[in-house]
Each structure stands twice: as C-alpha cells, then as structure tokens.
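The structure appears below as structure tokens.
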2 protein chains.
Amino acid sequence: MALAITLDNLHNMINIPDILKRNSLSITDGRMKILELFYNSEGALAHADIEKKTGLAVDRVTVYRTLQTFVEKGIIHQVPTTDNSILYALCKHDCEKGHHHDNHVHFVCNQCEATVCLDEVTVPSVKLPVGFRPVQAAMIVTGLCKNCI
Amino acid sequence: MALAITLDNLHNMINIPDILKRNSLSITDGRMKILELFYNSEGALAHADIEKKTGLAVDRVTVYRTLQTFVEKGIIHQVPTTDNSILYALCKHDCEKGHHHDNHVHFVCNQCEATVCLDEVTVPSVKLPVGFRPVQAAMIVTGLCKNCI
DNA sequence: GTAACTGCAAAATATTTGCATCCTT
DNA sequence: AAGGATGCAAATATTTTGCAGTTAC
C-alpha cells in the first residue's frame, strides 16, 4: 500500500536540530521553538506572531536576533508586502545553502490576512522599458485563499 | 507661500492647488510642498525623504497625516517593497477619483536605491493553484535603472 | 464664524545596542 | 574552557494621539 504522507509525518521527517547544525548554528531552545513554529504554520509570520506564540519562552530581543540570523543563513526569507509589514517565511527549496530562491509568488488573503508562499508558481518575467536591467522580481497576489473562498 | 514653478510642472501644466481642490482638501503650505515634492521627484519617496526635504517647513506629524490623507484620496499610493520600507508614489493616471489603479510594475534600483513606477508596464497575470481567487497583483523588479547602468 | 489643519508635547510601539550571565560545543 | 547565545535594561527610532492655537474658506 502507498504510504500516506500526512502533514504529521511530513513534520516528523523534518529534523529541526539538523537544520540548525547544517547552518553552523548552535542548537538552542529559542531557535528550535521558532523554527518549529515556521514548520507548523501555513503561511508567513510576522515578528509579533512569533512573539505571541512563543510567549515568555523566548525573549523579544532573541526573536529579533534569531529572525535576522535565519535570514542571513537562508533558512527563512522576508516576504514582500504591499503594505509595510515585515513577514518571514521558510525557504522551501534549498535556500539553506545560503542563496535565496524565493522567486515564487506570494499570496495574501484579504479575509484571513494569511500570507502564503505559492512555491509552485514562479514569478513571470516582464518586458521592461529601455534602460532598465532586471535582476530579480517579486510578485504579490491578494485575494481569497482556499480557506476563505 | 509661493509655489515654485519648475520647468517640469509648468510644461505638464500641473496645478498643485487644483489637485487639492479636486480632492476637497484645503490648500495649505504643507500639502503643497509635499505634493510638489512628489511631482518633482523621479521615483517613490519614503516618509524620511519627505521629512528631510521639507525640513522645518513641515512638522513630522503633519507629514504622516498628509501622506495618509493623500493615500485615502488616491493622490498617491503605497509602493510595495521587498524589504520593509514604506514608500509612496504619485498615482499617475486617474487615481484621484478615489480608486487606485496602481497595477503597474515597480522597479527598485540596487545601485541608487531609487524606486520608480513603470506606469507603462502592467503586472502580468499568473495561474494560481486551485482554491486561490486572485483580486489584485503587485510586482517589484529589482536591478539597475537607466541612470546606473 | 466654523470646520479643517497644524504644531507641539507626550504616549505608545517598534527596533537596536551593551553587557553580564548562561549554555552549547 | 571558549565562544556563542540569551535575557535584561536601556537607548533609539518610529508612529500615533490629544489638544490648543491657527488658517482656509
């Protein structure tokens, strides 16, 4: 019989300490808790979300420093937004190696406010006016997500 | 206060007080100065840019309030960014009527840091996974602008 | 004259930095 | 043991709010 891959055993396949180790980061409670949060969350997270969910377990300053570290290591990336909020999301593919490959479309739900990475949808290229040399492109689509339709 | 008539807005026959009037806003020094700034600037502006350029002429709080008012009226729009900065740019077409039509691509120069609206380049549509209903899309391209190539 | 707008002060938030202590390796 | 990571306190920075005085209409 085929092995059913549920969310749960998908998570079991992910080894949080290992990810930290691969990125030459010491394995600490705070980093584990925060990284776990990302793996257990559907969409992108703001600093405030993380602070709320970790509660007293992790200091506010540590959250700032951890997010910064994770971005530098390529474990998470900053999600572009149309407003001015700062969101972070896991680099699903192989950003862990230090290069970000977040050229996928980000979707923001107007209803539930969640931001999700549509890893399978790549940003289309556009023709720019003469004189502009493109290097990277980001795209944000807003609308209704599957939970809110 | 005397409105400085630059070659540019003279040529385009842009009447700053008129724009305010059309939007049922009283014509004040601060609003004129700030709106003028937008018309005389190539790209998008951050709150800090405006504060620096208006100097003591306009209070910091007034800048915040004016930007908010202008966005509400559809005179300017918030520019999506890949980092977390807040940028504003003129709505070039007919956003003054209260609806935003900023579905154009925004370009950020890695060299000079300027953000410009590519009004002539519209955001392409993408095919989303089942369950996502798109309403709006934004796109940010980074690279080198014509001045920095 | 009246409503709208501004500036100032201060409150509320958000982010960064320094340093002593603790924990991972 | 040593270097890195954390927590706490405090310094900065950013944004919002209240209110009294001023200005546009």
Side-chain angles (χ1 to χ4, degrees), chain A residues 15-38 44-76 78-79 81-88 113, chain B residues 1-3 15-38 44-79 81-88 98:
Chain A
N15 189 330
I16 304 262
D18 221 56
I19 293 169
L20 293 174
K21 211 174 293 174
R22 275 207 301 278
N23 284 284
S24 341
L25 294 173
S26 8
I27 297 164
T28 66
D29 284 4
R31 284 171 179 170
M32 297 235 281
K33 283 215 170 69
I34 293 172
L35 196 43
E36 215 176 306
L37 254 183
F38 276 107
L45 299 172
H47 176 277
D49 297 329
I50 295 162
E51 205 186 311
K52 194 169 7 164
K53 290 191 184 171
T54 53
L56 299 175
V58 189
D59 189 79
R60 170 188 306 241
V61 175
T62 301
V63 175
Y64 278 113
R65 291 195 269 226
T66 303
L67 290 173
Q68 191 182 302
T69 304
F70 284 0
V71 169
E72 277 162 13
K73 292 292 185 177
I75 299 171
I76 60 176
Q78 287 198 205
V79 175
T81 57
T82 38
D83 61 355
N84 39 309
S85 58
I86 320 177
L87 295 176
Y88 302 88
E113 306 268 278
Chain B
M1 158 226 173
L3 169 65
N15 190 330
I16 304 261
D18 221 54
I19 294 169
L20 294 173
K21 211 174 293 177
R22 274 207 300 279
N23 284 284
S24 339
L25 295 173
S26 357
I27 297 165
T28 66
D29 283 4
R31 284 172 179 171
M32 297 234 280
K33 282 214 172 70
I34 293 172
L35 196 44
E36 208 181 318
L37 254 182
F38 276 107
L45 299 172
H47 176 277
D49 298 329
I50 295 162
E51 205 186 310
K52 195 169 8 165
K53 290 191 185 173
T54 53
L56 300 175
V58 189
D59 189 78
R60 170 187 306 240
V61 175
T62 301
V63 174
Y64 277 112
R65 291 195 269 227
T66 303
L67 289 173
Q68 189 182 304
T69 304
F70 283 1
V71 169
E72 277 161 13
K73 291 292 186 177
I75 299 172
I76 60 177
H77 62 269
Q78 287 199 205
V79 175
T81 57
T82 39
D83 61 355
N84 38 309
S85 57
I86 320 175
L87 295 176
Y88 302 88

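Below, all heavy atoms of this structure are taken into account, side chains as well, without hydrogens, waters or symmetry copies. Naming convention: chains lettered A, B, ... in sequence-line order (proteins, then strands); numbering from 1 in each chain. Since the model is a prediction, treat every value here as computed from it, not as a measurement.
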Do other residues, nucleotides or ligands put more than 12 heavy atoms under 6.0 Å from the CG atom of A:D29? no

For a quick check of understanding: with a heavy-atom distance under 4.0 Å over all strands, which category does A:R60 fall into, base, sugar-phosphate or nothing? base

Tell me: CE of A:M32 to P of D:dA5, nearest whole Å? 15 Å

Which listed nucleotide (C:dT16, D:dA5, C:dA4) is nearest to the side chain of A:V61? C:dT16

Reference residue B:I75; test side-chain contact (heavy atoms from CB on, under 4.5 Å); the match among B:L67, B:T69, B:L25: B:L25

Which value, rounded to the nearest 0.5 Å, describes the distance between B:I34 atom CD1 and B:E51 atom CD? 10.0 Å

Atom-to-atom span, CG of A:N23 to C1' of C:dT25 - whole angstrom: 17 Å

Tell me if the side-chain of B:R65 makes a donor-acceptor pair with the base of C:dG7, cut-off 3.5 Å, by modelled atom types. yes

Could you tell me whether A:I86 contacts a base, only the sugar-phosphate backbone, or nothing, with contacts defined as non-hydrogen atoms closer than 4.0 Å? sugar-phosphate

Check A:D18 with A:R22, please: is the shortest side-chain N to carboxylate O separation under 4.0 Å? yes

Using whole Å, report how far OH of A:Y88 lies from C1' of C:dT15. 10 Å

So, OP1 or OP2 of C:dC5: does either fall under 4.0 Å of a side-chain N or O from B:T28? no

Please give, in whole Å, the distance from D:dT14 P to B:E51 CD? 9 Å

Tell me what B:L67 touches on the nucleic acid: a base, only sugar-phosphate, or nothing, going by heavy atoms under 4.0 Å. nothing

Residue B:D59, side-chain atoms from C-beta onward, closest of C:dG7, D:dG7, D:dA5: C:dG7

Quickly work out the B:D29 CG to D:dT23 P distance and round it to whole Å. 10 Å

Whole-Å distance between C:dT6 P and B:L25 CG? 9 Å

For this output row, return yes or no: ring centroids of B:Y88 and B:H77 closer than 6.0 angstrom. no

Could you please name the option among C:dT16, C:dG7, D:dC25 that lies closest to any side-chain atom of A:Y64? C:dT16

Take atom CD of A:Q68 and atom C1' of D:dA5, then tell me their distance rounded to the nearest Å. 13 Å

Write down the distance between CZ (B:R31) and C1' (C:dT6), rounded to a whole number of angstrom. 10 Å

What nucleic acid atoms does B:A57 come within less than 4.0 Å of, heavy atoms only: base, sugar-phosphate, or nothing? sugar-phosphate

Check the phosphate of D:dA5 against A:S26, side-chain N and O only, distance under 4.0 Å to OP1 or OP2. Yes or no? yes

